[in-house]
Amino acid sequence: MRTIAQRLRRFRLLLGLLALGLGALAVFVWRVEVPSSLEVEPLATATVRDVRGEVLAEIASATARSQHPRPLGQLGEHLPRVTVALEDHRFASHGGVDLTAVAAAAWRNLRALRKLSGGSTITQQLIKKASGRPPRTLGNKLREAAAAWKLERRWGKDRLLARYLNTIDYGNRLLGAEAAARAYFGRGAAEITLAEAIYLAGLPQAPGRFNPWRRPAAAEYKYQRSLRRLAQLGLLDAEQLRSLSEHPPKPGRFLPTRRAPHFLDALLARAKADGTSLRGEVRTTLDLELQQPAEVLLRRHLDTLGRHDTTQAALVIIDNETGAVRALVGSRDYGGPEGQNNGATRRRSAGSALKPFIYASAIARGTITAATLLPDLPTAVRDIYTDYDPQNYSGRYLGPVRARYALGNSLNVPAVVVLERLGARQGFHELQRWGVRAEKAFDDYGAGFVLGNAEVSLLDLTAAFAGLARGGLAFERARLLGREDRVGPTEQVASPEACAIVTDILCDAQARRQTFGANSPLEVPVRVAVKTGTSSGFRDGWCIGYTARHTVGVWAGNFDGRPMDELLSVRSAGPLWRYLIDHLLNARRDAPIPPTEQLAPRLERVEICPLTGLRPVALGPEPPVEEWFLPGSAPSEDAAGWFVPDPQGGPARLLLPTQYADWCRSGANTRGAIARAPNGLAIASPLAGAVFVVDPHLSPAQQMLEFRALTADPRRVQWEIGGQPVPPDANGRVLWKLAPGEWEVTAREGDYRAVAKFVVE
């Protein structure tokens, strides 16, 4: 009896200890948590595509060169089956921990007196990786086993295997089966052969040691071992083993190429500035069907140019309607010297390329019209800007010039005059509203920003011209991604009518011919708007213009800032711009810019005098022309007070304000214009700068020069030449015998005087 009682007590004690142990185990398992990171789906490496879905590049992350998670059904037939066989062949039957594998691993480790294997299941490996691979202690192994047991009850086997295959390391920072299959065999995981699947399945056991690119022999040795293991498991017969062993797969290096690299650089720089990251499938605005010929045309242009002083160029093509960048090239050769400099985003002096925006703002605000007469004189703004003296690059001045021709011929002084009338600070603010951002504030540039001393990027400037093409609706910046791109709000910077007038000027070949000639690259047979810019010292050449659909911007120069040896933009950037425009018109079927009356039906078309911009009069020496005006802005004054009859019966003479006096006396006055004195007194004959030749075969009496003045009463005028008075004859005419020399004639009327210098040879 005592023996039975003792046995019962021992049995109860054992049951109690067992219950206590099971309770402790239950508490332990209950307290172990599955790593929360497993609830987060693995992120795909950003695959950047063009607007049509063509791959541009894969953008590596901090954790992976490439990773493309796929559902288990998209990983093919071979790789999941082979991976399970090699890594965890009882995967389908265990509950997270394979006790048989654990016991076998313990026996192998004991016999070797060192750790050879751990017997971890696929589920345990997921737990280990999600936990940050903690040290291999008994406690950590128990926690890992408990977490694996719990995860098995939350997820199905398919989900576990899919997560494993999508996150396992295959070497070379390739995470997941899809990334490895693409990189090593150039195909997706669903498309690889059985041999390739066996090759891949062995790599994760030691990704560094079995690296196919660095240690191909070791990787093939692992492949042969995997074959033998699969044969042992009965998954390969003898014939398969022999065939697969004799013909091992040959992995390659199939990393995606980076196409449009400057565009990608701009995209990544913007994402960084915005504090965003690119993940998964990234659809951009780029069009490879336009990008690739653009790259070819840029290189061909520089080769054709054949100048050692012009080594680089950049281009941007933008869709007018959406502001989307369709092509972007930042240098001649991304892989060449200086090639990774991005001329499309780098800030450079834009020269005269900013002028259209100032004219558009001035027209929209009623400050000027396209017919406004502007002074193209070296002294026109000296009284306004005492520390700024803009000059025309040619050194020639056209005197009075309508705004249409001032902008078309890219004259500097009239542009500064317009800026002064608009307000220089206001003009700088308007330019920023167009999306053209300078690095510094207005006070660092002053009025000179309109002629290019403020550095801007080709991308910003081309986007601003696209806003001009849209009728004044400006985006904050160009669009690089799909429609979800955060480009900021749009703003109506200038009225559609004002923009239509500026567009009409930029399409007007006649309005630019005095500067650019009749056969320049800017002479497109159809209506295409265009503007050039040349920076100080010929360091940068710009040419930007638009069709109805696209805006094309081109920069040419040198990244180190070397001058282009007086190469104007019409020759440095203009030809490439024209090649691109011709490609758009012909290959892409771009439409020309519609007639102005279609762009802005509210505009008024009015006849004006071409020399004054006022209403025409019969006395005018040139026939009237038509000009576009905002509603109600056409001139009401006629040009009657701007002409005087020629006493000799020739065309009427243009009578200009006093500020043109020096210009009228210069050789630039090819019109025979006359400048008024402050009271209206002016010398009509001789013209300032005139040259007369004495004919030795005629008598002096037959070679007389008549002095004539423009004033209300010519009889009150007194004349002097060389300090000597010249009285009128009996008929009231003032005649002077020609005598060789340089002469100065003076006309006086009361306290007013007018002077003209001329030469007799």
Side-chain angles (χ1 to χ4, degrees), residues 35 37-49 55 57-88 91 120-133 151 155-214 219 222-223 226 249 251-256 277-282:
S37 59
L38 284 171
E39 298 302 325
V40 180
E41 293 297 323
L43 295 175
T45 301
T47 300
V48 183
R49 300 181 182 274
V55 175
E58 286 186 8
I59 308 301
S61 67
T63 58
R65 179 203 297 266
S66 182
Q67 184 175 17
H68 301 283
R70 293 287 185 269
L72 188 61
Q74 295 181 17
L75 293 176
E77 172 190 359
H78 302 305
L79 188 58
R81 180 169 59 88
V82 171
T83 299
V84 168
L86 293 176
E87 286 292 324
D88 186 3
F91 174 70
S120 295
T121 64
I122 284 175
T123 314
Q124 286 176 287
Q125 292 184 52
L126 285 174
I127 295 295
K128 184 185 300 182
K129 183 176 182 181
S131 302
R133 299 190 180 278
L151 183 62
W155 292 9
K157 292 291 185 179
D158 284 354
R159 184 178 180 186
L160 289 166
L161 182 56
R163 175 61 64 89
Y164 179 81
L165 290 171
N166 282 319
T167 57
I168 197 69
D169 185 359
Y170 286 86
N172 294 303
R173 300 182 68 233
L174 301 169
L175 298 187
E178 181 72 16
R182 290 187 189 183
Y184 294 137
F185 297 112
R187 298 187 299 280
E191 301 168 327
I192 59 175
T193 65
L194 175 59
E196 291 166 346
I198 296 170
Y199 189 100
L200 289 181
L203 301 181
Q205 291 187 8
R209 185 150 44 99
F210 301 140
N211 188 323
W213 293 340
R214 295 184 179 181
K222 177 59 180 173
Y223 167 74
S226 296
R253 193 182 183 96
F254 297 95
L255 295 176
S277 57
L278 304 178
R279 299 288 188 183
E281 294 289 322
V282 179

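Here the structure is a predicted model, which means the values were calculated and not measured.
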Within-4.5 Å side-chain heavy-atom neighbours: [X] and [Y]:
X: Trp155; Y: Thr123; value: no
X: Phe91; Y: Thr121; value: no
X: Leu38; Y: Ile127; value: yes
X: Pro207; Y: Leu174; value: no
X: Leu175; Y: Thr45; value: no
X: Leu255; Y: Arg65; value: yes

Can you list everything that forms a side chain to side chain contact (heavy atoms under 4.5 Å, CB included) with [X]? Sequence neighbours excluded, please.
X: Arg81; answer: His78, Leu194
X: Ala206; answer: Arg209, Phe210
X: Arg49; answer: Thr47, Val55, Glu281, Arg283
X: Ala201; answer: Leu79, Val82, Thr83, Leu86

Partners meeting side chain to side chain donor-acceptor pair (under 3.5 Å) with [X] (sequence neighbours left out):
X: Ser66; value: Glu58, His68
X: Tyr170; value: none
X: Gln67; value: none
X: Ser61; value: Thr63

Subject >> All pairs passing salt bridge (charged side-chain N to carboxylate O under 4.0 Å, His left out) where residues 164-175 contributes a residue, at least two apart >> reply: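 For residues 164-175: none.
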**OP:** Examine distances only and state if a side-chain atom of Gln205 and a backbone atom of Gly202 form a donor-acceptor pair shorter than 3.5 Å.
**Re:**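 Not at all, since once roles are kept as given, no pair shorter than 3.5 Å links the two residues.
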If I compare all heavy atoms of [X] with all of [Y], which pair ends up nearest, and what's the gap?
X: Ala181; Y: Gly188; result: CB-C, 3.8 Å
X: Ala219; Y: Pro212; result: CB-CA, 4.1 Å
X: Lys128; Y: Ser120; result: NZ-OG, 3.7 Å
X: Gln125; Y: Ile168; result: OE1-CD1, 4.5 Å

Subject >> Nearest-0.5 Å distance that lies between atom CG in Leu43 and atom CG in Asn166 >> reply: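 Leu43 atom CG to Asn166 atom CG measures 12.0 Å (nearest 0.5 Å).
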Original post:
Rounded to the nearest 0.5 Å, how far apart are CG of Leu151 and CD of Gln124?
Top reply: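 Reported to 0.5 Å precision, the distance equals 11.0 Å.
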**OP:** Might you confirm whether atom CZ of Arg214 has over 12 heavy atoms from other residues, nucleotides or ligands at distances under 6.0 Å?
**Re:**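 Not more than 12 within 6.0 Å, no.
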Subject >> Those residues that, when tested against Phe185, pass ring pair (Phe, Tyr, Trp, His ring centres under 6.0 Å) (two or more places apart) >> reply: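 So Phe185 forms a ring pair (Phe, Tyr, Trp, His ring centres under 6.0 Å) with Tyr199.
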Let me check something: any side-chain donor-acceptor pairs from residues 69-77 under 3.5 Å, sequence neighbours excluded? List them with distances.
none

